[in-house]
Amino acid sequence: MNPYDHDRIEKKWQKAWESKKPNKVKEDPKKKKFFTLIEFPYPSGDGLHVGHIRSNTAMDIISRKRRREGYNVLYPIGWDAFGLPTENYAIKTGIQPSIVTKNNTDTFRRQLKALGFSFDWSREINTTDPKYYRWTQWIFLQFLKKGLAYKKKLTINWCPKDMIGLANEEVVDGCCERCGTKVEQKEKEQWMLAITKYADRLDKDLDETDFLEKIKIQQRNWIGKSEGAEIEFPIKGSDKKIKVFTTRPDTLFGVTYVVLAPEHAFVDEFISHADNTIEVAQYIKAVREKDEEERTNAKAAKTGVELKGIKAINPVNNEEVPIWIADYVLADYGTGAVMAVPAHDERDWDFAKKYGLGVKDVVMPLRTDKTNPHRPGKEVIERNAVQVIIRDPKNQKILCLKWKKQPWTTFIVGGVEGNEDVVEAAKREALEETGYKNLKFIKVLGGKVRSEFFAAHKDVNRIAYFNVAYFELENEERNEISAEENEIHELVWLDQKDIRKDTMQCGELDIWMHRLMNDNWASVEPGLMINSAQFNGKDSESAKKEITAFAGGQWVTKFKLRDWIFSRQRYWGEPIPVVHCAKCGIVPVPEEQLPVELPKVKNYAPTETGESPLASIEKWVNTKCPACKSPAKRETDTMPNWAGSSWYYLRYADPKNRKAFADPKNLKYWTPVDWYNGGMEHTTLHLLYSRFWHKFLFDLGLVPTSEPYKKRTSHGLILAEGGEKMSKSKGNVINPDNIIKTIGADALRIHEMFMGPFDQAIAWDTNTIAGSRRFIERVWKLQEKVGQGGNERIETIIHKTIKKVSSDIEDMKFNTAISAMMIAVNDLEKEERISKAHYEILVQLLAPFAPHVAEELWAILGNKASVHASVWPTFDPKKLTESTVTMTIQVNGKMRGTLECAADTDDATIQKMALDKPEIAKWTKGAVIKKVIVVKNKLINIVVQ
RNA sequence: GCCGAAGUGGCGGAAUUGGUAUACGCACACGACUCAAAAUCGUGCGGGGUAACCCAUGAGAGUUCAAGUCUCUCCUUCGGCACCA
């Protein structure tokens, strides 16, 4: 046996694969296809990241397994090469971005090949190749043709460092996603793509996909679908109306004012009619001067100003309500105006408290005490009632009643008699039940709550309409408590932490405690409508549509998703293929003239005015109008780097096509992508954008399915050793080249798959990598044992390993798949001799993980064909258990011994065998056996007393 | 605040979905081989106790013959969204 020489073996087989191209695929209608996809990398100057290796290896393992299950597998690779880092490098060094890209992709290609990934290299694509971006531009023209690409003047997020406009998605906490610089606001004409036209389908069609649930949830949250009502509030003495959007039309009777966003068109129109024009104008000016972060910070105190002298009319009760302007209302969501219901909306509550506006309760929360519900057959009695919270300010304890005949602890509680008010009733009850005479009334804790429970002490089903009054104890002075009261309950002082749902008998406890501890009592939950005229008594949730109709409103759907800002004022992107003509306006470049190629320039830096550097290339900018042939100017904006990645997977189906972005026949064969793995960070950007493009192309009949990806999974990030992000500036980047050199690509692959659960983030750990290398060496050394060998135990282990590795790969549980192979190796090592057949199976299972060493061992074992072309091993369910099994013996649920017996022994025999064992007899002696539980081939539990 | 995921040895992490908690690997300790070291091989390795045993999966209750797993009540960490009416 030769020693394991990873360098020789890996180079040998990489050379062989380079010439034989075993992973080059052709469309073959006779074979079922499988399309595996990784996110094609951005070829940065840093070279391949260990994170790339993790996700590429995962999909490589899956691809290799699928091939051996008989699929025609397309596992392609390409370069998402437009983008800022390359451009910034060009600005700094003056080297053309295309040359930088060429150098970087050469490095990436070399590194990926050194890892033995089974890509079909013949289909390599590059988004910066004019032959590729010709089709990116072509798709843009289709959007333009359908009216889904349009120009709009808007304030954009402007990064002053990168001198680039950013999409909302690229702004994180008010800062540029890339460089962390604080984003400014700038007015600019921008190209937009109307993704909102697809919002509903992007949401709904998630149902059809097999994406990880967390990915679907994140996309849904981002799209932000919500249903509600649009309702018009007429202006008093005018025929104008303010249209508001609300998801809570059931609270219409609780409206105490209306709020407009500062940008709302109505403000301009009516500002001069207000009694306080100057004040309002000053407020609007102040808001304009705020930056995005101040504007959208929910924690900041709300500000606003009333439009004095102008009133809106509530359509449900003709009440006049004031109109306010406040920047907590967003101009670009809903109608830019809201009806304010402080009693049932936390933001409105804060605002109303600050400016002294009214609060009107119109929905009463409903609670049933689940631990003490109504009992059938008992009388139902409704009544007004009060609970009293008394706190001792000296120690913050709260006075409660511990009931003697019921397992309850409650606040002081009682009925409201006759025409007593809440506070009177509370004082009376407190005096009767506690005797404390000097209580300082603090406040009533908000509106009533309807509470259902069984009042055991009265033997009735109670429906109580509770208020809570809150008092503080002034001193200990108290009356004697009556004997009757003493018989029912005793007094206890409890810490606030001991007043919880599980310790107190009170179905609506959370409401009271929230109101006790917070100043914001807005109740957002549905319930029973009150103070709402003919709607009183209705369930608020189910009355929404009815009250909307009564108010003359419309039931509508709204989305948080905004249209996609598609312009970038930069050089290194696809030029937007249109021409501006003084006579004809915006004219698309004729399709046969595509691509509009990027010209070579001397200076890549963006201009101070915020225009693309392309604007200064006069030879390029000045052109003729394709329509009227008069002098015209080219559009100088380029596309964002999300453009090329929005359709790249389609190009893989037919990467060299000159007549179309791909031949429909090839698309029909290969698409949709069967399994797409990528980062969670792309869930709301790339993944959503590409689903949008795909649906658009589907509507044009250009792709065969409405969804691009059948299944989407995601990997966890690999962090640097301290748990921070890896970055060149921190100097904590792991270079894969060094690792490949010292321990080999196979060991690196194994290590990355073994280091932890694939979907979780994990910090790089240099120490543990030796174990992976050791594992390969141990597999290597097993070749010496091949001969006449094998027994039932090994047979079982091999079949268990086939089962475990096969299912773990499908579940992306690569770490436990490797662990299963390690266990098998440990067991095989204990044998004098192992059979060739068993060893071959081990090598076959290892092959997707460590393709080079597996191929070498497979050849050593005398196989002529590639291990990667061998059929994936299958297990025999009959061979998963041995003829004898080891069972656990428990006595009263505690492990007391084990039992060797034949598999499938009957329960009675097992019981007898177990009881005969001295270490078991010890525990059962003299006791009565109450029960025996046997779990077949696993466990027996003897319950004694 | 809302949505989601998770809390298990010194560390990364297993646990067939309710059935021997700590698999597998790393680190560590001791032993073998060696002049020596490295590598390799072997043994040990949650805590307490001489032992029989007892205690331990973020904390506390509960359901069950049996709970890391299920239910409640809390706590903590990490991701995503965040004035979306």
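Only this structure's heavy atoms are used, side chains among them; waters, hydrogens and symmetry mates stay out. Throughout, protein chains are lettered first and strands after them, A, B, ... in sequence-line order, and every chain is numbered starting at 1.
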B/S/- along nucleotides 20-25 of chain B (protein heavy atoms under 4.0 Å) is B--BBS
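- Stems are defined here as 3 or more consecutive Watson-Crick or G-U wobble pairs with pairing distances under 3.5 Å; those involving RNA chain B are B:1-7 with B:75-81, B:10-12 with B:24-26, B:28-32 with B:40-44, B:46-48 with B:53-55, B:58-62 with B:70-74.
- Nucleotides G19(B) and C41(B) place their P atoms 35 Å apart, quoted to the nearest Å.
- Here Lys214(A) does not reach the OP1 or OP2 of A5(B): none of its side-chain N or O atoms lies under 4.0 Å away.
- Across all strands, Asp765(A) comes closer than 4.0 Å to no nucleic acid atom at all (heavy-atom distances).
- Residue pairs meeting the salt bridge (charged side-chain N to carboxylate O under 4.0 Å, His left out) criterion with at least one member in residues 749-768 of chain A, sequence neighbours excluded, are Asp60(A)-Arg749(A).
- Between Tyr355(A) and Phe351(A), the ring planes are tilted. Angles from 30° to 60° get that label.
- Across G7(B) and G44(B), the matching P atoms stand 29 Å from one another, rounded to whole Å.
- Along RNA chain B, the nucleotide closest to Asn892(A) and the one closest to Gly336(A) are compared, and the more 5′ of them pairs with Asn892(A).
- The side chain of Asp327(A) sits closest to C83(B) out of G80(B), C83(B), A85(B).
- Among the atoms of the strands shown, none is found under 4.0 Å from any heavy atom of Val244(A).
- Note on Lys558(A): nothing from the nucleic acid sits closer than 4.0 angstrom, heavy atoms only.
- Taking Asn677(A) as the reference, Thr713(A), His715(A) meet the side chain to side chain donor-acceptor pair (under 3.5 Å) condition, with sequence neighbours excluded.
- For the contact set between residues 798-807 of chain A and RNA chain B, defined by any heavy atom under 4.0 Å, there are no members.
- Looking only at atom types and distance, the side chain of Thr503(A) has no donor-acceptor partner in the side chain of Asp498(A) under 3.5 Å away.
- The residue Thr503(A) sits apart from the nucleic acid: no heavy atom pair falls under 4.0 Å.
- A perpendicular orientation is assigned to the rings of His264(A) and Phe266(A), their planes being inclined by more than 60° (bins at 30° and 60°).
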Can you check nucleotides 53-58 of chain B for protein contacts, nitrogen or oxygen pairs under 3.5 Å, and list what you find?
| unit_1 | atom_1 | unit_2 | atom_2 | d |
| --- | --- | --- | --- | --- |
| C53(B) | OP1 | Lys922(A) | NZ | 2.5 |
| C54(B) | OP1 | Arg896(A) | NH2 | 3.2 |
| C54(B) | OP2 | Arg896(A) | NH1 | 3.2 |
| C55(B) | OP2 | Lys894(A) | NZ | 3.3 |

